[in-house]
Amino acid sequence: LIELCNEKGLAKRGRQTFLMKLTNTRQQSVSKWFNGKAIPEYDHAIQLCKYFNVKFEWFMTGRGDKYMDPVDINTQRNIETKKFIDLLNQ
């Protein structure tokens with residue numbers, strides 16, 4: 001997680017607060033992620049993967065390809081756009 005924050009250019013000061021708000025979780029949980037005392041719950045891990053543009057398998061295990069392929073990113077955006085449009089049409 002620290003590596004991803006560094007790559008993304010997140011300032012050391014405030015990055016935990018930012019990720020807390022991004023994942024809508026408690027500061028204590030995020031602190032444990034950074035200290036290696038806990039791993040994010042599934043929903044939080046998915047949010048972090050989307051933000052950092054990394055594959056879930058890599059995020060959770062460190063194995064496999066790290067970054068999503070551009071096709072994966074576009075597919076994800078299309079899915080999210082469709083969900084948004086469906087929501088508007090309800």
Side-chain angles (χ1 to χ4, degrees):
L1 192 54
I2 293 170
E3 174 186 334
L4 293 172
C5 288
N6 290 339
E7 288 177 8
K8 193 77 165 177
L10 295 177
K12 288 183 181 181
R13 184 178 178 121
R15 64 174 52 164
Q16 288 189 16
T17 301
F18 172 77
L19 294 178
M20 177 188 72
K21 291 178 182 178
L22 177 74
T23 58
N24 194 29
T25 191
R26 299 176 317 172
Q27 179 76 33
Q28 182 181 11
S29 297
V30 176
S31 179
K32 287 181 180 180
W33 303 343
F34 274 87
N35 294 326
K37 294 181 180 177
I39 59 171
E41 293 178 10
Y42 178 79
D43 291 344
H44 297 143
I46 293 294
Q47 290 173 311
L48 292 167
C49 288
K50 286 180 183 178
Y51 176 74
F52 290 113
N53 189 35
V54 295
K55 292 188 176 187
F56 182 78
E57 177 186 8
W58 180 88
F59 184 78
M60 297 303 285
T61 67
R63 291 188 292 248
D65 294 333
K66 182 175 182 177
Y67 295 104
M68 285 192 203
D69 298 325
V71 173
D72 293 341
I73 296 167
N74 288 333
T75 300
Q76 183 62 38
R77 285 187 185 137
N78 289 341
I79 291 169
E80 290 173 1
T81 301
K82 183 179 181 330
K83 287 180 183 177
F84 180 70
I85 291 170
D86 290 345
L87 182 66
L88 289 175
N89 289 329
Q90 289 181 355

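As the structure is a computational prediction, the values presented were derived from the model and not from experiment. These values consider heavy atoms only, across backbone and side chains, with no hydrogens, waters or symmetry-generated copies.
For Ile39, the CD1 atom is loosely surrounded, since the number of other residues' heavy atoms within 6.0 Å does not exceed 12. For CG of Asn24, the number of neighbouring non-hydrogen atoms (other residues, nucleotides, ligands) closer than 6.0 Å is 12 at most.
Lys66 has a carboxylate O that lies under 4.0 Å from a charged side-chain N of Glu3, or vice versa, which qualifies the two as a salt bridge.
Here the closest heavy-atom approach between residue Leu22 and residue Gln47 is recorded as O-NE2, 3.8 Å.
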Q. Given Phe18 and Cys5, is the side chain to side chain contact (heavy atoms under 4.5 Å, CB included) satisfied, shown in steps?
A. CA-CA 10 Å; Phe18 172 77; Cys5 288; over 6 Å; no
Q: Give the C-alpha distance, both sets of side-chain angles, the deciding distance and a yes or no for side chain to side chain contact (heavy atoms under 4.5 Å, CB included) between Phe52 and Glu7.
A: CA-CA 9 Å; Phe52 290 113; Glu7 288 177 8; over 6 Å; no
Q: Determine, stepwise, if the pair His44 / Trp33 fulfils side chain to side chain contact (heavy atoms under 4.5 Å, CB included).
A: CA-CA 11 Å; His44 297 143; Trp33 303 343; 3.9 Å; yes
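To the nearest 0.5 Å, atom CG of residue Leu48 and atom CG of residue Asp43 are 11.0 Å apart. Here SG of Cys49 is found 8.0 Å from CE of Met60. Values are rounded to the nearest 0.5 Å. To the nearest 0.5 Å, the span separating NZ on Lys55 from OH on Tyr67 amounts to 13.0 Å. The OG1 atom of Thr17 sits 11.5 Å away from the CG atom of Leu10 when rounded to the nearest 0.5 Å.
Note: Phe56 and Tyr42 have perpendicular aromatic rings, judged against thresholds of 30 and 60 degrees for the angle between ring planes.
With Ser29 contributing its side chain and Thr25 its backbone, the two residues share no donor-acceptor pair below 3.5 Å. The backbone N or O of Gln27 lies less than 3.5 Å from no partner atom in the side chain of Ser31, so there is not a single donor-acceptor pair.
Side chains of Asp65 and Trp58 form no contact here, defined as non-hydrogen atoms less than 4.5 Å apart. Between Leu1 and Pro40, the closest side-chain pair of non-hydrogen atoms is not below 4.5 Å.
The side-chain tip of Lys8 points at the ring of Tyr51 from less than 6.0 angstrom away and within 45° of straight on.
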